[in-house]
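Positions are given from 1, in the same order as the sequence printed here.
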Amino acid sequence: GDVYKRQIHGGAGPIVRALMTKEIEDMYNNKLKEVLERGYNILAKGGPSLDAVEACINLMEDTSLFDAGKGAVINSKGEPEMDASIMEGKMRKAGCVAGVKKIRHPISLAKKVMENTRHVMLFGEGADNFGVESGLATATKEYFVEEPRYWELLEKSNKGKLLGTVGAVAIDINGNISAGTSTGGTLNKMQGRVGDSPIIGAGTYADNNTCGISCTGLGEIFIRGVVAHTISALYEYKKMPIEDAAKTVLKEKVESLGGEGGIIALDKDGNIAIVYNTKGMFR
């Protein structure tokens, strides 16, 4: 039969059941189910994996449940600064944005950078301006930070530890692999801080010859460990199964430096790996 698979994540962190009310847990599970269904519907109709990844992440960016788009956490100046990246595995084209403040769907902005510019990454005001010029939906600061539900969740979730970076990986019927990641970063981060989510090879990677990867966790360590690309390299050069590759990198490149987080990976044969060293991961 046709091979088309997708996997999503809504962040990895100390998700302790005792911190979660049944209502909150249901909200997450229902949203993730909706997201997976959207991705599946695109792939089942023969749609490209890139569109499936964008659509899945858009849905997660539209809710306050995750640290991306509408739910983005704020920096030390009380502002949202969002990062995202997307990559396709056929030509290994990629688009990334960092420090975005106005665009409702940073993953869509990253895709526009990939498809409509000669660059790979745009940041800050330039990224926002390009998004406006491209006709993407914008929002005011209040849209991102003053949702009452958001603050209620922050309060109930040990000051924001429940909220997480979002990501998706998919392979379509043509064997094209795509991966994407979107985040608001870490709560109370320094103004201008950029994590691993918009960095190709650290937080996101896709190659039709190997796999698609999206990561969540302490971004500084994922950058230093070049996590996403290292998993692909182990799969390609050491012929390591995708789950073993992901576990090895999490242990040797993240845990060894005192970091924590999670990884979703999908290899060219449709094998899925979900690994994390935190107390839980929404997926």
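Counting only heavy atoms from C-beta outward, the side chains of Met190 and Lys77 never approach each other to under 4.5 Å. Looking at heavy atoms from C-beta onward, Val254 lies in side-chain contact with Phe222 at the 4.5 angstrom threshold. Side-chain contact between Phe123 and Val97 is absent, with no heavy atoms from C-beta onward closer than 4.5 Å. Met60 places a side-chain heavy atom less than 4.5 Å from the side chain of Leu32. Arg92 places a side-chain heavy atom less than 4.5 Å from the side chain of Asp207. Between Ile213 and Thr204 there is no side-chain heavy-atom pair separated by less than 4.5 Å. Here the side chains of Asn116 and Phe130 are in contact, with some heavy-atom distance below 4.5 Å. Side chains of Leu234 and Thr248 form a contact here, defined as non-hydrogen atoms less than 4.5 Å apart.
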**Request:** Begin with the C-alpha distance, continue with both residues' side-chain angles, and end with the deciding distance and a verdict on side chain to side chain donor-acceptor pair (under 3.5 Å) for Ser182 and Glu61.
**Result:** CA-CA 8 Å; Ser182 182; Glu61 288 173 331; 2.7 Å; yes
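Separation of atoms CZ (Arg104) and CG (Asp62) is listed at 6.0 Å; rounding is to 0.5 Å.
Only one option out of Lys189, Gln191, Glu81 pairs with Asn75 in a side-chain hydrogen bond (donor to acceptor under 3.5 Å, both in side chains); it is Glu81.
By the 4.0 Å N-to-carboxylate-O rule, Lys101 lies close enough to Glu79 to be salt-bridged with it. Ion pair Lys93/Glu115 not flagged as a salt bridge, since none of the NZ, NE, NH1 or NH2 atoms sits closer than 4.0 Å to an Asp/Glu carboxylate oxygen. Ionic pairing of Asp172 and Lys45 is not present here: no N-O contact between side-chain nitrogen and carboxylate oxygen is shorter than 4.0 angstrom.
Between the side chains of Thr181 and Ser197, no donor-acceptor pair of N or O atoms lies under 3.5 Å. Of the N and O atoms on the side chains of Asp267 and Asn271, at least one donor lies less than 3.5 Å from an acceptor on the other residue. Residues Asn208 and Asn176 have side chains that bring a donor and an acceptor to within less than 3.5 angstrom of each other. With hydrogens and angles left out, the side-chain atoms of Glu236 and Thr210 include no donor and acceptor closer than 3.5 Å.
The two residues Ser214 and Gly167 come nearest to each other via the heavy atoms OG-CA, 3.4 Å.
Formation of a donor-acceptor pair under 3.5 Å by the Asn277 side chain with backbone atoms of Gly262 is not found in this model.
When the side-chain hydrogen bond (donor to acceptor under 3.5 Å, both in side chains) test is applied to Lys247, the partners found at least two apart in sequence or on another chain are Glu243. Residues satisfying the side-chain contact (heavy atoms from CB on, under 4.5 Å) criterion with Ser108, sequence neighbours excluded, are Glu54, Asn58, His105, Leu136.
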